[in-house]
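Okay, structure first, notes after.
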Amino acid sequence: MTETAIAHPAGDGRPVSPGAGAPPGTPPALELAGVHKAFDGKPALIDAGFTLRRGEVHALVGENGAGKSTLMNVATGVYAADAGRELVDGELVRIRGPVDAAAAGLGMVHQHFRLVPRFTVAENVRLALGRRAGSPAAAAALVAAKAEKIGFPVRPDARVADLSVAERQRAEILKVLLLGARVLILDEPTAVLTEQESDALLAFTARLATQGGSVVLITHKLREVAARADRVTVMRQGRTVLDGAPIASVSSAEVARLAVGATVAPVARPRRAPGGPALTVDGLAHRRDDGGVTLDGLTLSLREGEVLGLAGVGGNGQSELVACLAGLAAPRAGSVALAGRDITTASPAARRDLGLRVVPADRFAFGLIRGFSVADNLALAALRRGRYGAPFGVARRRIRRDAEAAIRDHEIHGAAPGRSTGLLSGGNAQKVLLARELDDAVRVLVAHSPTRGLDVRAAQAVQAAIAAAAERGVACLLISEDLEELMALSARIAVINRGRIVGEMPVEDASAAALGALMVGHA
Amino acid sequence: MLDGLVITRRFDTPTWLLALVFLAGIAAGLAMATALLVAIGVPASALFNEVIGEAFMTASGLAQTLTFATPLICVGLSAAVALRLRFWNIGIEGQLWLGALGATAVALGDVGPEATRLPLMLVAAALAGAAWIALPLVLKLRLGVSEVISTLLLGSIAFLFAQHLLFGAWRDPATGFPISLAFDASERLAALGFGRTHLGLPIALAAALLVWFLVDVTRLGFYGRAVGENIEAARAAGVPVIAVTCAFVLLSGALSGLAGGLIVAGTEHRMSLTLGAGYTFSGIVIAFLGRFRPLATVVVAVIIGGVFTASDVFKVFYGISEAVVVLLQGLVLFGVLVAQFFGAYRISRANWGASA
Ligand SMILES: Nc1ncnc2c1ncn2[C@@H]1O[C@H](COP(=O)(O)OP(=O)(O)O)[C@@H](O)[C@H]1O
Ligand SMILES: [Mg+2]
């Protein structure tokens with residue numbers, strides 16, 4: 001988190017007075033007080049509170065696991081609180097589920113959208129509204145009219161499965177508004193959006209607030225939201241540590257400190273001089289099953305001890321590149337060489353034997369096994385190297401001891417060797433994966449968005465682990481959409497756009513503007 | 001009424017709770033089964049005597065139970081091995097038919113010297129079962145065809161194939177019934193001298209030990225769990241996914257085939273068209289009740305064998321139908337599966353706005 005004041009930039013055109021739409025004396029649109037909630041005895045909310053004024057955009061920030069989603073799920077009746085009280089427009093309410101929430105004018109857009117992919121937008125709206133939506137044609141008209149009114153393009157007859165993430169999010173917001181929401185709660189809405197899409201969404205929420213709606217914006221990315229929110233509430237470990245401060249009155253550094261409970265030092269860029277060639281990708285081409293081109297002659301090379309950053313807007317071939325490098329997808333053309341040996345058609349196992357390690361963007365897709373214990377996940381890859389004995393037995397005790405050491409060395413919180421990996425928080429699960437992939441035999445690390453969705457401290461730990469690996473001589477390909485992260489760690493930054501490298505520069509020459517232009521350019 | 005209840009997922013379920021929930025599930029299933037039997041006219045007072053007494057406490061009943069259990073152990077292991085990989089083998093009966101046919105072919109064809117005839121029959125049974133599951137396996141690996149459909153349909157084809165042989169080449173010429181000629185003495189598994197139990201029982205127990213060793217001790221077993229949980233993650237971690245899948249699935253088919261071989265060589269001593277019915281269902285029930293653990297599978301198979309014995313008594317004395325046997329197994333499974341919910345979730349009273 002950089003030390004920038006988060007007051008509205010001058011000339012922004014937004015009213016600075018909080019709750020501009022509501023006359024003084026209006027009761028809060030939503031008020032939660034003294035909320036307690038435990039999951040299976042583990043407290044998630046401890047005396048948490050939150051007050052939302054009419055006509056404001058209110059940022060709710062905090063690290064992963066701070067309890068932001070849980071608090072809003074309590075407010076909308078998804079979870080039942082153990083104690084606490086809730087007022088809507090000054091009236092004590094008891095919200096027991098989605099029907100009550102809609103009746104009280106509360107609408108929430110969850111991190112995972114609640115739309116039926118095979119239905120069109122209008123059909124999803126009919127599903128939510130029931131009889132009120134009327135005939136299919138009436139529902140489509142309703143969607144079109146509302147979209148028009150709020151200046152938010154949504155095609156009623158588009159199938160949700162065919163929509164981009166940003167479009168799905170709009171459809172979901174529209175559905176919630178049509179259900180009668182006067183309080184719109186958005187759970188980490190910008191986490192899945194590109195910068196341009198985020199800007200459009202934030203402009204929309206600001207507009208909604210000036211029209212008298214109230215918006216809760218849950219996030220752990222401060223910077224982008226700061227300019228558009230009126231007030232901010234900070235949560236840490238289930239408690240409200242800053243309750244509705246006007247955004248102009250706090251700096252982003254202060255908010256970050258409150259959210260984390262400590263200041264987090266940025267990771268230093270590895271300084272080691274690069275060694276010999278480690279990974280060479282030459283003219284790699286790949287297509288989806290439906291024929292769409294994903295990689296179009298991609299070429300890059302990586303040397304020992306070097307971090308090469310690969311910037312790009314998501315969906316430009318990054319996932320396919322990772323799959324091809326891991327040996328899980330077959331390229332149509334081109335070659336991949338590891339330390340001079342061709343591995344284009346090698347099995348994932350053979351690549352591992354040569355020292356290639358992969359951290360995929362979705363750590364539970366082809367990284368970790370959710371149902372496995374932490375110890376078993378850590379041991380899985382080392383079994384074939386014979387670390388845990390001959391094929392006819394598995395040295396359980398040794399697996400356990402190694403796991404205990406890894407949990408200690410990598411500071412994996414909440415983990416025990418026998419604990420199911422799926423129960424860990426995102427950051428700690430990522431640490432398990434890194435602990436496994438950055439073993440003694442690693443030579444090349446391919447990491448795809450390794451800090452996405454992690455809170456500041458966990459992200460810092462992951463970045464530090466990558467930097468330390470590079471210092472040890474590991475060649476690292478860091479694929480990320482986070483330019484700040486790329487510029488902090490990489491020696492060189494290449495840009496991927498539509499499946500090819502469209503530019504490359506030493507980090508000294510790189511700027512967000514230059515990279516951004518290459519990322520969105522139609523070269 | 002359920003309005004005031006809150007359901008929360010448990011992070012870790014203690015072992016005692018798992019055991020309690022499991023036993024409670026069995027108890028609930030048995031209670032439902034009892035209600036069913038009483039409803040169709042079996043006097044409640046007779047139930048205990050018949051089930052516990054007849055199936056487990058008398059020598060002849062216990063022997064009968066163990067005889068039933070012998071192939072049940074094998075099909076239970078077969079289902080458990082496949083399900084560990086999330087491979088739904090719904091064609092256990094098909095592989096069992098092929099196993100029985102394989103053993104019968106060796107017996108009727110007098111293949112090899114008499115001394116090796118029995119081992120050869122059982123090997124043929126296992127190989128035939130494995131071969132029968134190989135087709136769905138290849139279809140799944142190569143073309144992504146769902147094994148649920150392919151194994152199920154191949155089960156019917158196997159039965160038709162058995163019919164074809166028994167109404168044709170293998171029909172008993174003396175009676176004209178669709179059964180094969182009886183096997184020679186050298187083609188029958190030796191009796192253990194306890195009712196109709198035969199050498200098949202120790203063979204099935206040895207199979208259970210072998211499966212336990214493979215899935216719970218060896219690296220292959222570790223890999224199998226990984227493939228079952230997340231095949232892509234396993235592949236990326238360097239697990240030889242194809243080899244592991246083939247090993248587990250072929251083992252599943254071989255175990256079902258072995259069950260067929262043990263039935264013809266151990267109890268029937270000839271091929272018939274009635275010997276294989278119902279084993280898919282029983283196998284899956286046993287695997288689930290044994291939670292896919294090989295040694296637990298043995299225990300459950302013996303209990304289900306007892307249900308078979310008791311049902312025979314019910315059939316004779318109270319005229320209940322074959323379908324009721326299936327229903328009884330289903331009820332117990334249902335009880336256990338529903339009870340698992342209570343191990344995974346905590347249920348408490350809601351407490352909305354307590355301080356309000
Ligand atoms: N359904 C649930 N079951 C068990 N624990 C949960 C559940 N939802 C949230 N938690 C736990 O509650 C805490 C707060 O989580 P959450 O509200 O999702 O945090 P945030 O949204 O701030 O990232 C975390 O420790 C999380 O693991
Ligand atoms: Mg959340």
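In what follows, every chain begins at residue 1, and chains take the letters A, B, ... in the order their sequences are listed.
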Flag the pair B:Glu232 / A:Leu328 as yes when at least one side-chain heavy-atom distance between them is below 4.5 Å, and no otherwise. yes
I'd like to know if the side chain of B:Asn230 reaches the main chain of A:Phe364, judged simply by a donor and an acceptor atom lying under 3.5 Å from each other, with no hydrogens or angles considered. yes
A:Arg351 side chain to B:Gly238 backbone, donor-acceptor under 3.5 Å: no
Report which part of B:Tyr345 has an atom under 4.5 Å of a heavy atom belonging to chain A: side chain, backbone, both, or neither. neither
Would you say CD of A:Gln237 has more than 12 non-hydrogen atoms from neighbouring residues, nucleotides or ligands within 6.0 angstrom? no
Pair count under 4.5 Å, heavy atoms only, with chain B: among A:Ala326, A:Ala365, A:Ala350, A:Gly41, highest is A:Ala365
Cut-off 4.5 Å, heavy atoms of chain B, and the answer for A:Arg384 is both
Hey, is CZ on B:Arg10 packed in by over 12 heavy atoms from elsewhere, all under 6.0 Å? yes
Heavy-atom side-chain proximity of A:Tyr388 to B:Arg219 below 4.5 angstrom: no
Could you have a look at A:Arg436, A:Arg357, A:Arg396, A:Glu437 and say which one has the most heavy-atom pairs with chain B under 4.5 angstrom? A:Arg396
Here the gap from B:Leu214 atom CG to A:Phe392 atom CZ, rounded to the nearest 0.5 Å, amounts to 8.0 Å
Please classify the contact of B:Arg346 with chain A as side chain, backbone, both or neither, using a heavy-atom distance under 4.5 Å. side chain
Is it possible for you to check whether B:Arg225 lies under 6.0 Å from the centre of the six-membered ring of A:Phe372, through NZ or CZ, and within 45° of that ring's axis? yes
Using a cut-off of 6.0 Å, state whether more than 12 heavy atoms not belonging to B:Phe334 lie near its atom CZ. no
Begin from the C-alpha positions of A:Leu380 and B:Phe222 and carry the test side chain to side chain contact (heavy atoms under 4.5 Å, CB included) through to its verdict. CA-CA 8 Å; A:Leu380 184 60; B:Phe222 196 106; 3.8 Å; yes
OG1 (B:Thr8) and NZ (A:Lys42) are apart, to the nearest 0.5 Å, by 13.0 Å
Given the options B:Ala233, B:Ala226, B:Gly228, which has more heavy-atom pairs under 4.5 Å with chain A than any of the others? B:Ala233
Per-residue contact mode, B:Val239 against chain A (heavy atom under 4.5 angstrom): side chain
Among A:Pro348, A:Gly97, A:Gly327, which residue forms the greatest number of heavy-atom pairs with chain B at distances under 4.5 Å? A:Pro348
Residue from A:Ala381, A:Pro391, A:Ala382 scoring the most non-hydrogen pairs under 4.5 Å with chain B is A:Pro391
